[in-house]
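As the structure is a prediction and not an experimental result, all values here were calculated from the model.
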Amino acid sequence: MLKDVQNYNCYEYLKINTEIYGDFNMMQHMDKVLKRSEYLREIDGLAAYFTEELGLKKGDVYSVFMPNTPEAFAAFYAMNKIGVIANFIHPLQPAEVLRATVNEVGSKGLMVLDLLTAIGDGLVDTINDLGLPVLVCSKSSYAAPLKTKGLRIAEAALRGLKLKLNNAVYWRDIIHKYPVKEGIVNNADDIAVYLNGGGTTGKSKTIKLTNRAINELTCRVSKIDEIHVPGEECEVVVLPIFHCFGLVIAMHMAMCNAARIIPMMQFDAGLFLKLCRKYNIVGFGGIPVMFKKLMAHKDFDGEWIKDIRLMFCGGDDASEAFLEEFNSYFEKWGSTARLRQGYGLTEIGSVCCTNTNTDYRKGSIGRALDGINIAIMDDDHNLLPNGEIGEICISGPTIMQGYLTEDGPEDAGLYTDPDGVKWVCSGDLGYRDDDGYYFFSGRKKRVIIISGYNVYPSDIEKTLEDLPYIKDSCAVKGFKDGRMIIRLFLTFREKGDEQQYKKEIISLIDKNFSKFSMPSEFVVMDELPETPLMKIDFMKLQEESKDANVLANYEGKYHII
């Protein structure tokens with residue numbers, strides 16, 4: 001069990017929780033394994049570069065435009081050691097989004113991966129225009145010796161042909177350049193990271209999370225399961241660290257628990273399954289679309305499953321039918337792990353309630369973690385009784401300090417109740433049962449009101465997952481012939497009799513919901529649009545559905561049944 005949080009920053013918390021295990025295998029990339037002493041030395045060397053060469057100091061901001069790599073993970077802890085705020089940016093964002101984000105936070109530097117920077121449209125010019133010092137990382141930095149030579153030849157060619165960055169230095173040239181110095185200690189209430197809220201309900205916001213919030217959540221979630229053999233039991237970090245769940249739970253909690261960490265730059269079901277067969281993988285977290293891709297892969301079923309003890313599923317809703325089918329494989333191989341749903345958001349450090357292998361209620365998102373308070377409130381912040389749907393609001397030591405604003409209050413985005421308690425109002429709807437389990441009902445802004453009746457699109461979508469030919473679905477508010485309708489977007493797993501599919505969909509909705517929930521139009525697409533976090537982009541579909549004529553933007557990519 002992890003130590004009490006006290007006033008530690010994340011760097012201190014990692015060190016104190018892992019020092020008792022000696023020099024175990026802490027990090028692995030492309031078959032190369034780093035001991036704890038080696039990886040901490042890399043972190044300390046990077047912190048020295050930040051202070052000695054860039055002159056960064058407490059409260060400064062530095063941006064990381066990277067996928068999951070050992071360098072990106074080290075950057076978080078190196079900045080944290082010296083009190084610098086880490087700003088993580090999705091590495092596949094377009095150049096202008098990178099520019100806007102870096103300028104918004106006042107970043108003093110930028111860390112990039114050479115390959116992604118070279119192939120990104122306009123990225124090199126944008127980075128040069130920013131005029132910031134750039135730290136360039138390469139895949140070969142942590143490759144096994146047999147693979148390093150070939151990678152370095154390819155990377156040299158890449159730099160010569162495409163990568164013309166100004167003010168750039170390379171990871172291998174600076175990581176051991178400066179002597180290690182002491183960092184800042186006991187600054188738990190300082191901001192550790194700026195994270196983007198994702199923008200799934202409108203314009204995205206920059207969220208401020210403190211060391212204390214991250215460590216408090218890490219400590220609480222770690223109680224669900226622990227690493228039994230430090231450095232030998234592995235966890236694959238498949239969720240990106242620009243995603244709060246990826247940073248706090250998949251990376252920081254696993255590292256503090258002394259797992260051997262295997263970063264994955266981009267989720268690939270086949271590669272993930274190869275890793276599981278080769279190494280002692282005992283746990284991983286993901287979002288529903290990742291688990292669906294795993295189960296659909298031809299190599300999913302197998303003996304590797306018996307070693308898995310813990311899985312976390314968050315970031316989106318999954319149907320009970322899918323969970324039961326996925327878990328049947330783990331039951332078959334005798335694993336104690338079960339894919340269980342939880343709930344959270346970036347503003348509260350990622351997770352506030354979850355089902356576990358031993359504490360589970362069908363259809364729920366679980367019970368609140370120790371020390372986390374969850375309330376169901378109406379629009380006037382009055383508490384609602386059990387069983388009544390309202391907004392999910394969260395308070396406790398894991399909540400954000402607030403949104404980053406130019407002139408607003410430090411706690412922008414928080415509601416303070418009459419007792420002085422600060423709450424994050426999630427924008428999500430749900431209810432609590434009499435036993436303390438919470439149930440998710442959908443996004444507040446996604447509620448469709450037809451003739452005064454509330455229709456919850458997520459309920460429709462979850463129900464449709466029971467049909468074997470449905471791949472994805474998304475119900476949105478639309479307009480047709482001057483009236484409001486529900487437009488249902490669909491993708492199918494395989495070709496078939498679509499008119500028969502439509503009859504079965506109508507029958508299932510009619511059996512489970514009121515007449516107001518029945519879609520008026522069924523739009524079939526090859527693929528539904530996704531956000532950068534691999535969720536269905538319902539905002540885009542909502543926007544496209546304001547006028548039936550707007551669907552012409554999808555010319556050749558949809559048809560109506």
Side-chain angles (χ1 to χ4, degrees), residues 4-10 13 59 85-87 105 186-221 244-245 247-249 252 314 342-354 365-385 389-432 436 438 440 443-445:
D4 291 338
V5 170
Q6 299 185 39
N7 287 317
Y8 299 123
N9 59 39
C10 295
Y13 200 58
I85 300 168
N87 174 47
V105 301
N186 295 325
N187 59 319
D189 294 311
D190 288 347
I191 299 169
V193 64
Y194 288 153
L195 288 170
N196 189 286
T200 57
T201 58
K203 187 181 183 302
S204 61
K205 296 181 175 70
T206 299
I207 294 158
K208 303 182 293 187
L209 284 182
T210 64
N211 290 290
R212 186 180 303 281
I214 293 172
N215 287 336
E216 287 281 4
L217 185 60
T218 296
C219 183
R220 283 162 169 73
V221 178
C244 190
F245 194 89
L247 177 71
V248 179
I249 303 302
H252 186 53
Y343 170 82
L345 57 160
T346 305
E347 285 88 341
I348 53 97
S350 73
V351 184
C352 61
C353 64
T354 186
I365 52 177
R367 292 201 266 202
L369 297 173
D370 290 343
I372 307 297
N373 296 316
I374 302 177
I376 306 299
M377 298 184 181
D378 64 16
D379 290 341
D380 297 318
H381 297 117
N382 297 310
L383 295 178
L384 294 175
I389 294 176
E391 185 169 10
I392 302 171
C393 300
I394 306 102
S395 71
T398 70
I399 68 172
M400 66 177 180
Q401 190 183 86
Y403 294 124
L404 180 66
T405 57
E406 190 171 340
D407 301 310
E410 184 177 87
D411 62 352
L414 298 173
Y415 161 66
T416 304
D417 69 18
D419 296 323
V421 177
K422 293 184 185 298
W423 295 82
V424 167
C425 298
S426 68
D428 289 328
L429 296 171
Y431 64 93
R432 181 184 187 274
Y438 291 87
F440 178 78
R443 294 293 303 174
K444 190 175 182 180
K445 291 185 179 180

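Atom CZ of Phe245 and atom CG of Leu217 lie 9.0 Å apart (nearest 0.5 Å). With rounding to the nearest 0.5 Å, the separation of CD1 in Ile376 from OH in Tyr438 is 6.0 Å. Separating the CD1 atom in Ile392 from the CG atom in Leu345 is a distance of 9.0 Å, to the nearest 0.5 Å. Atom SG of residue Cys352 and atom CD1 of residue Ile365 lie 6.5 Å apart, to the nearest 0.5 angstrom. If you take CG on Leu195 and SG on Cys244, they are separated by 5.5 Å, rounding to the nearest 0.5 Å. Between Trp423 atom CH2 and Asn373 atom CG the span is 5.5 Å, to the nearest 0.5 Å.
Looking at Arg212, its side chain never comes within 3.5 Å of a backbone N or O of Ala188 through a donor-acceptor pair.
Looking at Leu414 and Met400, their side chains come closer than 4.5 Å, going by heavy atoms from C-beta outward. Between Ile207 and Asn196, the closest side-chain pair of non-hydrogen atoms is not below 4.5 Å.
Looking at every heavy atom in both residues, Ile249 comes nearest to Ser350 through CG1-OG, 3.6 Å. Nearest heavy atoms, Leu383 versus Ala375: CD2-CB, 3.5 Å. Counting all heavy atoms, side chain and backbone alike, Gly371 lies closest to Pro397 at O-CD, 3.6 Å. The heavy-atom pair separating Thr210 from Asp189 by the smallest distance is CG2-O, 3.6 Å. When all heavy atoms of Ile214 and Ala192 are compared, the closest pair comes out as CD1-CB, 4.0 Å. Shortest non-hydrogen contact noted between Met377 and Cys393 is SD-SG, 3.7 Å.
Shown here are the side chain to side chain contact (heavy atoms under 4.5 Å, CB included) partners of Tyr194, two or more places apart in sequence or in another chain: Val61, Ile85, Asn87, Val105, Ile191, Thr206, Lys208, Leu404. Shown here are the side chain to side chain contact (heavy atoms under 4.5 Å, CB included) partners of Asp380, two or more places apart in sequence or in another chain: Asp378, Asn382. With sequence neighbours excluded, the residues that form a side chain to side chain contact (heavy atoms under 4.5 Å, CB included) with Asp190 are Lys58, Asn187, Asn211. Every residue was checked against the salt bridge (Lys or Arg N to Asp or Glu O under 4.0 Å) condition with Arg432, not counting sequence neighbours, and none meets it.
A side-chain donor from one of Tyr403 and Glu347 sits under 3.5 Å from a side-chain acceptor of the other.
Applying the salt bridge (Lys or Arg N to Asp or Glu O under 4.0 Å) test to residues at least two apart or on different chains, the pairs with a partner in residues 391-400 are Glu391-Lys444. Here salt bridge (Lys or Arg N to Asp or Glu O under 4.0 Å) pairs that include residues 411-427, with residues two or more places apart or in two chains, are Asp411-Lys422.
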| Asn215 and His252: CA distance, side-chain angles, deciding distance, side chain to side chain contact (heavy atoms under 4.5 Å, CB included) verdict | CA-CA 8 Å; Asn215 287 336; His252 186 53; 2.9 Å; yes

| task | Apply side chain to side chain contact (heavy atoms under 4.5 Å, CB included) to the pair Tyr343 and Thr354, showing each step before the final yes or no. | result | CA-CA 6 Å; Tyr343 170 82; Thr354 186; over 6 Å; no

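Relative ring orientation between Tyr415 and His381 is described as parallel, the plane-to-plane angle staying below 30° on a 0-90° scale split at 30° and 60°.
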